[in-house]
Amino acid sequence: MLGEMATSKKQQGEQEGVERMNEALTKTESFIERYRYWILGAVGAVVLVVVCVVLYKSYIVAPREQEAQEQIFHAQQQFQQDSLAVALNGDGNNLGFLQVIKEYSGTKAGNMARYYAGMIYREQGEWDSALGMLSDFKKTDQMLAPIAYGAMGDCYVEKDDLASGVKYYEKAIGYVENGLTAPIFLMKLAAVQGRQGNWQAAMSSYEKIKTGYPSSAEARDIDKYIAYAQQKAAK
């Protein structure tokens, strides 16, 4: 008797569950039927956007990127040959970095041209122009980003803004673990810290070269720098 009652309750529960499911499906079907044109319109709009994005990237962005890479090539060659004025401004037949920035804004080559232009302006002693270009340069490359930050530090130091110089040297050092650039900027950082009279910090920067980058060129005579900073800090 008890078994039959339990079975009956179970069957009743299952039946109620089926009925609730059917009711939910009916409501869903009713909703879809009522708003099917809106739903189809929304789906169509999403598909259209995706198709437009794919076409835009395939037929506009990609060819423009390729063209920009071809246009920047000559300027990069001139930069490597230290023909900085030609690299920056072009030679009448080939574009310079400034023209690439203007004509191919938004491309990877246009962004790279900002880096090169900033480095050229730094070499030419045009500190504000260099800072403008290097600030706009999107720093995603793990090798170029710390160099760009370090160059900005150089410009600020040349402008006698030592606090900003320290800030950007620290950005250059901390951006990514880089045994090539980090010891260089640690040396520059320590020199500026010494100019600020912060010899304890300078000593710490020198010690980071000794312990963190012992095989670097900057580590060869680092003990004398540490001793000098230690002597100055003790006064």
Side-chain angles (χ1 to χ4, degrees), residues 52-159 161 164-189 192 213 216-218:
C52 288
V53 169
V54 171
L55 291 175
Y56 177 75
K57 288 184 176 180
S58 299
Y59 293 98
I60 297 178
V61 174
R64 191 163 181 264
E65 285 282 1
Q66 179 63 33
E67 184 179 338
Q69 291 293 338
E70 292 171 358
Q71 292 294 338
I72 200 176
F73 179 71
H74 181 265
Q76 289 174 316
Q77 286 186 315
Q78 296 301 312
F79 181 86
Q80 292 170 359
Q81 295 169 10
D82 290 330
S83 299
L84 301 186
V86 175
L88 187 64
N89 299 299
D91 58 9
N93 295 315
N94 299 283
L95 300 184
F97 293 125
L98 294 182
Q99 289 84 12
V100 173
I101 293 168
K102 183 178 179 180
E103 296 186 21
Y104 297 96
S105 176
T107 65
K108 293 178 181 178
N111 182 53
M112 186 64 68
R114 288 188 176 87
Y115 167 80
Y116 283 111
M119 300 302 287
I120 290 173
Y121 281 134
R122 186 196 65 164
E123 288 297 314
Q124 294 176 339
E126 298 184 43
W127 315 122
D128 290 329
S129 296
L131 287 169
M133 286 293 177
L134 293 171
S135 294
D136 290 340
F137 170 59
K138 294 179 181 177
K139 304 168 186 66
T140 55
D141 187 283
Q142 291 192 346
M143 179 58 72
L144 296 184
I147 296 174
Y149 280 130
M152 292 177 73
D154 292 342
C155 293
Y156 278 116
V157 170
E158 292 293 342
K159 286 165 60 69
D161 184 351
S164 294
V166 166
K167 173 184 174 182
Y168 280 94
Y169 286 145
E170 288 176 341
K171 280 179 175 286
I173 296 160
Y175 182 84
V176 68
E177 182 65 27
N178 188 325
L180 294 175
T181 60
I184 294 172
F185 294 125
L186 278 167
M187 286 293 291
K188 292 187 175 187
L189 173 62
V192 174
Y213 308 97
S216 66
E218 289 73 22

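Just so you know, residue 1 is the first one in the sequence shown, and it goes up from there. Remember, predicted model here, so these are calculated numbers, not experimental data. What's counted below: heavy atoms across the whole structure, side chains too, no hydrogens, waters or symmetry copies.
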- Query: Between L144 and M112, does a side-chain contact (heavy atoms from CB on, under 4.5 Å) hold up when you go through it step by step?
  - Reply: CA-CA 10 Å; L144 296 184; M112 186 64 68; 3.5 Å; yes
- Task: For side-chain contact (heavy atoms from CB on, under 4.5 Å), just list the numbers for L95 and H74, CA-CA rounded to whole Å, side-chain angles, deciding distance to a tenth of an Å, and then say yes or no.
- Result: CA-CA 7 Å; L95 300 184; H74 181 265; over 6 Å; no
- Item | Steps toward side-chain contact (heavy atoms from CB on, under 4.5 Å) verdict (F97, F79) | CA-CA 10 Å; F97 293 125; F79 181 86; 4.1 Å; yes
- Message: One pair to check against side-chain contact (heavy atoms from CB on, under 4.5 Å): E67 and T107. What are the steps and the verdict?
- Response: CA-CA 10 Å; E67 184 179 338; T107 65; over 6 Å; no
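Scanning both residues, V100 and A109, for their nearest heavy atoms gives CG1-O, 4.0 Å. Nearest heavy-atom pair, L98 versus M133, reported as atom, atom and distance to 0.1 Å: CD2-CE, 3.6 Å. Between G118 and A130, the closest heavy-atom pair is O-CB, 3.4 Å. Heavy atoms only, all atoms of each residue included: Y156 and G165 are closest at CB-N, 3.7 Å. Of all heavy-atom pairs spanning P146 and F185, the tightest one is O-CE1, 3.6 Å.
Two residues are said to be in side-chain contact when any heavy atoms from C-beta on lie closer than 4.5 Å; L186 and E218 fail this criterion. Looking only at side-chain heavy atoms (C-beta outward), D128 and K159 come within less than 4.5 Å of each other.
Of the possible donor and acceptor atoms, one in the side chain of K139 sits under 3.5 Å from a partner among the backbone N and O of L134. A donor-acceptor pair under 3.5 Å links the side-chain atoms of S216 to the main chain of Y213, judged by distance alone. No side-chain donor-acceptor contact under 3.5 Å links S164 to the backbone of D161. Between the side chain of Q69 and the backbone N or O of Q66, no donor-acceptor pair lies under 3.5 Å. In this structure, E65 contributes its side chain and K108 its backbone to a donor-acceptor pair below 3.5 Å.
Interatomic distance, I173 CD1 to K171 NZ, rounded to the nearest 0.5 Å: 12.5 Å. The distance from atom CG of N94 to atom CD1 of I72, rounded to the nearest 0.5 Å, is 12.5 Å. Within the model, atoms CD1 of I147 and CG of N178 stand 7.5 Å from one another, a figure rounded to the nearest 0.5 Å. The distance from the CG atom of N111 to the CD1 atom of I101 is 9.0 Å, given to the nearest 0.5 Å. A distance of 10.5 Å separates CG of N89 from CG of L84, quoted to the nearest 0.5 Å. Rounded to the nearest 0.5 angstrom, Q99 CD and L88 CG are separated by 8.0 Å.
Under the side chain to side chain contact (heavy atoms under 4.5 Å, CB included) test applied with V157, the options Y169, W127, Y168 reduce to a single match, Y169. A side chain to side chain contact (heavy atoms under 4.5 Å, CB included) with M119 holds for exactly one of Y121, Y115, Y116; it is Y115.
Other residues, nucleotides and ligands place more than 12 heavy atoms under 6.0 Å from the CD atom of Q124.
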